[in-house]
Visitor: 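Let me begin by handing over the structure; questions about it come next.
Sequence positions, counted from 1, serve as the residue numbers for this chain. In each ligand, atom 1 is the first atom listed, and ligand 1 is the first ligand listed.
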Amino acid sequence: MRGALALVYPPRCLLCGGLVESDHGLCGPCWRDTPFLGGLCCDLCAAPLPGHSQQAEICDSCRTEGRPWAHGSAALLYRDNGRKLVLMLKHGDRHDIARPAAVWMARRLQGRVPKDALVVPVPLHLRRHLRRHYNQSALLGVALSRLLGLQHVPDALLRRRATPSLDGKGRDARFATLEGAIIADPRNRVPLKGRNVLLVDDVMTSGATLSAASLACKEAGAAQVVVSVLARVAKDT
Ligand SMILES: [Zn+2]
Ligand SMILES: [Zn+2]
C-alpha cells in the first residue's frame with residue numbers, strides 16, 4: 001500500500017516541494033539550510049551551549065531561575081528554516097510537518113522519556129483554537145505519542161483565559177502574563193496523578209508557557225515532567 005501510494009504521491013521535501021528519496025522529510029539542500037540542534041544544549045531549556053561535555057549541562061539562567069520540569073529538548077533553532085517550518089505547521093495548515101517533526105524531536109529526547117509517560121500538548125485558548133481549527137502542539141503530540149508508543153492526552157490541560165500575544169515581551173512580563181493561565185482540565189478522564197508527563201509544544205521562547213503548563217501538571221499530581229519542543233528561540237537570534 002505504501003509502495004503504491006509512493007508511486008502516486010512521491011515523497012516531497014516539506015520546504016521546497018522537491019522530490020526526496022525518503023518519506024516525509026527534507027531534501028539535501030533544505031536539510032543543510034535548516035538549523036537542527038545537534039551539539040551541546042542546556043539539559044533543561046535546550047538553549048545551545050558552547051563547547052562539549054560528556055555530562056548534562058545547565059545554562060546560567062536555568063541554574064538561577066530553575067525550571068519546573070526535569071529535562072527539556074528541542075529539535076531546531078527558531079530561525080531561518082526552523083522558523084519557517086514552525087509557521088507552516090502553526091498557520092499554514094501543513095499538518096504533514098507533524099510526523100517528520102516528531103521524528104526529529106524524538107531523536108533529541110534520546111530516551112529521556114519515562115516508558116509510561118502521558119503525552120500532553122500545551123493547550124490553546126478555546127477562542128484561538130476555534131479560529132485556527134487545530135492546535136499545532138496537539139498535532140506534534142499525536143505524532144510523538146505514536147512514534148514513542150505512549151498515550152496522548154490532548155485534553156489534559158486547559159487555558160483558563162486568553163493570554164495576549166507575548167511577542168516583544170521580556171522574560172518577567174511573559175512569566176507574569178502566564179501565571180495561573182493554564183490548569184489541569186477537570187473533565188479530562190486520564191488522571192495525571194502519579195503519572196509522568198511528556199509536555200509538547202511547538203516553540204520555547206522564555207519557557208513561561210511551558211512553566212505554567214508544567215506547574216498545572218504538577219498541581220494535578222504528575223510525578224516527573226519532561227519537555228519536548230520543535231524549536232527553541234535562542235537568545236542571540
Ligand atoms: Zn527542499
Ligand atoms: Zn537552560
Side-chain angles (χ1 to χ4, degrees), residues 6 9-89 92 94-101 103-105 108-110 112-113 122 166 170-172 174-175 178 198-215 218 224-237:
Y9 302 106
R12 292 191 174 268
C13 172
L14 294 169
L15 281 165
C16 73
L19 291 175
V20 290
E21 302 219 333
S22 70
D23 200 12
H24 297 286
L26 300 174
C27 71
C30 288
W31 181 277
R32 276 194 297 280
D33 287 343
T34 299
F36 284 97
L37 283 167
L40 183 63
C41 291
C42 171
D43 199 55
L44 288 175
C45 75
L49 297 175
H52 301 273
S53 176
Q54 296 301 321
Q55 63 194 49
E57 300 289 346
I58 309 273
C59 76
D60 289 341
S61 82
C62 286
R63 208 185 300 271
T64 325
E65 314 283 346
R67 300 282 185 181
W69 58 81
H71 172 65
S73 72
L76 306 164
L77 274 178
Y78 187 72
R79 60 170 168 81
D80 310 326
N81 280 347
R83 182 166 175 274
K84 210 163 152 186
L85 285 161
V86 168
L87 294 179
M88 283 157 72
L89 175 70
R94 289 291 304 276
H95 298 205
D96 58 319
I97 290 170
R99 208 169 65 159
V103 174
W104 307 333
M105 288 160 78
R108 294 296 293 166
L109 278 165
Q110 296 172 349
R112 296 283 295 273
V113 186
V122 168
L166 298 174
R171 184 187 181 282
D172 292 349
R174 284 170 180 264
F175 274 81
L178 263 305
L198 175 60
L199 197 57
V200 177
D201 207 356
D202 53 348
V203 181
M204 185 189 319
T205 306
S206 63
T209 306
L210 285 155
S211 282
S214 291
L215 291 172
K218 291 281 184 73
Q224 196 185 68
V225 177
V226 168
V227 163
S228 174
V229 297
L230 176 55
R232 173 73 166 112
V233 177
K235 281 159 203 152
D236 56 351
T237 55

Visitor: Kindly report the SG-the Zn ion (ligand 1)-SG angle for Cys27 and Cys13 respectively, rounded to 10°.
Guide: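 Answer comes to 120°, rounded to 10°.
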Visitor: Step by step, would you call Tyr78 with Asp202 a side-chain contact (heavy atoms from CB on, under 4.5 Å)?
Guide: CA-CA 10 Å; Tyr78 187 72; Asp202 53 348; over 6 Å; no
Visitor: Walk me through it: do Arg67 and Val227 pass the test side-chain contact (heavy atoms from CB on, under 4.5 Å)?
Guide: CA-CA 11 Å; Arg67 300 282 185 181; Val227 163; over 6 Å; no
Visitor: Between Trp69 (side chain) and Leu44 (backbone), is there a donor-acceptor pair under 3.5 Å?
Guide: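 Such a contact is found between Trp69 side chain and Leu44 backbone.
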Visitor: Take the Zn ion (ligand 2) as the vertex and measure to SG of Cys42 and SG of Cys62; round to 10°.
Guide: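 My answer is 110°, to the nearest 10°.
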Visitor: Angle subtended at the Zn ion (ligand 2) by SG of Cys59 and SG of Cys45, to 10 degrees?
Guide: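 For SG of Cys59 and SG of Cys45, the angle centred on the Zn ion (ligand 2) reads 110°.
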Visitor: Please report the shortest heavy-atom distance between Ala56 and Asp43, naming the atom on each side.
Guide: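 Looking at all heavy atoms of both residues, the closest pair is CB-CG, 3.6 Å.
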